[in-house]
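Reckoned from all heavy atoms, side chains included, excluding hydrogens, waters and symmetry mates. Residue numbers begin at 1 in each chain, while the letters A, B, ... track the order of the sequences.
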Amino acid sequence: MLDLNRLRRDFDALKQRLEGRADPALLDEFVRADERRRAAVAEIEELKRQVNEISAQVARAKKAGEDAGDAIAKSKEIGQRAKALEEDVKSADDAQHDLATRIPNVPHESVPAGKDESANIETRRWGSPKEYSFVPQAHWDIGPRLGILDFERAAKITGSRFAVYMGAGAKLERALINFFLDVHTSEHGYTEVLPPFVANSNALMGTGQLPKFADDLFKLEGTDYWLIPTAEVPLTNLYADETLEGELPVKLTAYTPCFRSEAGSYGRDVRGIIRQHQFQKVELVKFAHPETSYEELESLTADAEDILQRLGLPYRKMTLSSGDMGFSAAKTYDLEVWLPGLGEYKEISSCSNFEDFQARRAKIRFRDNSGPKPKARLVHTLNGSGLAVGRTWVAILENYQQADGGVEIPVALRTYLNAERITPEGALV
RNA sequence: GGAGGAAUGGCCGAGUGGUUUAAGGCGGCGGUCUUGAAAACCGUUGUUGGGGAAACUCAACCGGGGGUUCGAAUCCCUCUUCCUCCGCCA
């Protein structure tokens with residue numbers, strides 16, 4: 001949710017920066033709804049003040065044993081006028097709140113303007129794709145051939161866009177989760193959290209998935225519960241309606257499965273496990289001081305990059321354009337890993353600073369003691385994948401495939417798997 | 001699933017319809033005293049929104065929502081969470 005005062009003050013400038021992200025009519029409507037609401041609120045508060053005053057008079061009169069019939073009648077009459085006005089306030093309030101939740105965040109000034117991914121900027125490239133003496137295969141060929149990935153049986157259990165990992169495949173997934181969590185907790189200073197994998201509507205409002213993107217989520221029938229599309233939801237909402245008293249930043253990490261309906265992505269990434277209804281992810285979340293949140297975004301992105309580098313996976317870092325960023329983000333870096341089987345770079349992590357956009361919705365504050373008086377201010381929230389486990393699994397199979405059909409295990413993972421490679425028969429040795 | 005009980009400021013806790021304009025305590029902050037500190041004493045201390053250059057002022061907030069009333073922390077309805085007990089259960 002945008003800061004209303006900022007919107008009032010800088011209306012034209014913000015409108016320009018939201019070009020391509022928000023319908024300009026929506027912004028006009030928003031400011032008008034706000035004016036209507038403020039006028040109605042001012043009027044009703046004045047009536048309430050009068051009622052309060054008369055009530056005090058009545059109390060005094062009753063105490064003195066006097067008759068207060070006139071005052072009561074007058075207060076009743078004012079009360080009725082206030083009641084009529086209350087409808088106006090409520091409808092203006094609803095309209096304004098409804099609009100507020102549909103306006104996306106304003107891009108940071110360093111974000112390239114553009115209407116889609118074609119305007120994204122490559123900011124860094126790390127490692128270089130290996131040369132292969134054979135034609136590298138895609139993971140959807142390697143995995144089933146090794147007997148460690150099974151789509152047909154997953155379809156029996158659930159349906160399309162689900163996968164079963166078997167044997168070395170399942171163990172590799174688990175090793176990656178442990179490796180990610182160990183690095184982030186022991187070396188990058190994050191606190192591990194194991195949150196619920198189910199969240200309510202209010203939490204999803206807080207992080208911005210609702211109300212606009214309900215179609216992308218799985219809802220549990222007959223309840224107000226949804227399967228989480230990312231650990232960002234439970235982690236960011238962990239401190240909803242709270243004022244953080246300790247030092248900033250607060251850094252959290254969690255492993256969770258993620259569930260996405262992928263409505264509207266029919267025909268995209270249909271092969272393999274690039275785009276699934278369920279995938280595993282280790283998420284990084286920070287609650288940061290507004291003055292340092294962009295430095296925190298750099299270090300959070302570096303924490304995710306560190307994993308890719310330790311695994312020796314070539315990647316590039318993209319700065320997303322204003323049109324390609326998500327609804328709540330002010331700035332986003334995507335990390336894209338090289339997949340030789342597919343012959344392209346594919347997103348494996350998305351790291352964003354939401355500034356106070358989520359904090360305003362979820363009411364997450366911190367105590368700012370820098371001024372003459374301590375004051376509760378909204379924190380800046382950030383998150384990023386550190387990393388998407390399934391896509392890392394894919395990257396390892398494709399980057400480390402061998403001429404004999406087996407897969408080498410990256411050195412950093414060997415102690416986790418107690419093995420150096422997966423044989424062409426799918427065994428860990 | 002059943003039966004009871006509870007939810008008040010950063011924390012503890014009083015408050016069953018009208019100077020509650022939320023007592024009192026703890027903690028925090030400032031001060032007096034002291035070489036310094038402690039103790040003692042005095043003062044101060046919530047959030048959100050409106051108006052104002054400011055001093056200040058008005059409104060709302062006692063788990064959430066709704067209602068009764070001239071007036072609600074207090075009465076009624078409803079939801080949520082926690083506690084105790086019973087049942088079931090990994």
B:G9 pairs with, by Watson-Crick or G-U criteria that keep both distances under 3.5 Å
none
Hey, does the side chain of A:R17 reach the backbone of A:P107 with a donor-acceptor pair shorter than 3.5 angstrom?
yes
Heavy-atom distance under 4.5 Å between the side chains of A:E355 and A:K331, does that happen here?
no
Can you check the distance between B:G36 and B:A54, where both ends of the measurement are the C1' atom (answer in whole Å)?
40 Å
Between B:G49 atom P and A:I44 atom CD1, what is the distance in whole Å?
19 Å
Least distance between heavy atoms, A:A359 atom then A:V379 atom
CB-O, 3.2 Å
Using a 4.0 Å heavy-atom cut-off, does A:K76 contact any base of the nucleic acid, only the sugar-phosphate backbone, or nothing at all?
sugar-phosphate
Considering non-hydrogen atoms only, spot the tightest contact between A:A175 and A:Y416 and give its length.
CB-CB, 3.8 Å
With both distances under 3.5 angstrom, what nucleotide forms a Watson-Crick or G-U wobble pair with B:G30?
B:C42
Centroid-centroid under 6.0 Å between A:Y165 and A:W393 rings:
yes
Neighbours of RNA chain B within residues 96-105 of chain A, by heavy-atom distance under 4.0 Å
none
Pull out every protein N or O sitting under 3.5 Å from an N or O of nucleotides 12-17 of chain B, one pair per line with the distance.
none

Quick one: are the ring centres of A:H277 and A:F218 less than 6.0 Å apart?
yes
Would you kindly give the CZ-to-P distance between A:R37 and B:A60, to the nearest whole Å?
16 Å
Pair A:E298, A:Y333: side-chain N/O donor-acceptor within cut-off below 3.5 Å:
yes
Between A:H108 and A:N353: side-chain donor-acceptor atoms closer than 3.5 Å
no
Find the partner of B:G4: check Watson-Crick (N1-N3 plus N6-O4 or O6-N4) and G-U wobble (N1-O2, O6-N3) distances, both under 3.5 Å, and reply none if neither fits.
B:C83
Take atom C1' in B:G52 and the same atom in B:U57, then report the distance between them in whole Å.
8 Å
Compute the ring centroids of A:F287 and A:F366, then answer whether they are less than 6.0 Å apart.
no
Only pairs with both distances under 3.5 Å count, Watson-Crick or wobble alike; so what is the partner of B:A73 in this structure?
none
Rounded to whole Å, please give me the gap between CD1 in A:I54 and C1' in B:G18.
15 Å
Pick the P atom in B:A37 and in B:A73, then give their distance to the nearest Å.
44 Å
Rounded to whole angstroms, how far apart are CG on A:D241 and P on B:U81?
15 Å
What's the CG-P distance between A:D34 and B:G49, to the nearest Å?
12 Å
Given side chains that start at C-beta, do those of A:D216 and A:R260 come closer than 4.5 Å, heavy atoms only?
no
How do A:R38 and A:A71 order along RNA chain B: which one's closest nucleotide is nearer the 5' end?
A:R38
Please measure how far the C1' atom in B:G13 lies from the corresponding atom in B:A23, and state the result in whole Å.
10 Å
Protein-nucleotide distance (A:M1, atom CE; B:G49, atom P), rounded to Å:
11 Å
Span that lies between the C1' atom of B:G64 and that of B:A6, in whole angstrom
16 Å
Sort me out a list of protein N/O and nucleotides 57-59 of chain B N/O pairs below 3.5 Å, or just none if empty.
from	atom 1	to	atom 2	distance (Å)
B:A59	OP1	A:N52	ND2	3.3

In whole angstroms, how far is the C1' atom of B:G71 from the CZ atom of A:R60?
13 Å
Is A:Q209 close to A:V233 at the side-chain level, that is, under 4.5 Å between some pair of heavy atoms?
yes
Sorted by position of nearest nucleotide on RNA chain B, 5' first, the leading residue of A:V58 and A:A73 is A:V58
Note: A:T230 and A:C258 closest approach over all heavy atoms is CA-SG, 3.7 Å
Span that lies between the P atom of B:A90 and that of B:A3, in whole angstrom
25 Å
What is the distance, rounded to the nearest whole Å, between atom CD of A:Q80 and atom P of B:C70?
9 Å
Suppose you measure atom C1' in B:G71 against the same atom in B:A14; what distance do you get, rounded to whole Å?
22 Å
Would you measure the distance from the C1' atom in B:G9 across to the matching atom in B:C26 and give it in whole Å?
13 Å
Can you see if the side chain of A:R365 gets near the phosphate of B:U48 - specifically, an N or O under 4.0 Å from OP1 or OP2?
yes
How about A:D324 and A:N120: does a side-chain donor come under 3.5 Å of a side-chain acceptor?
yes
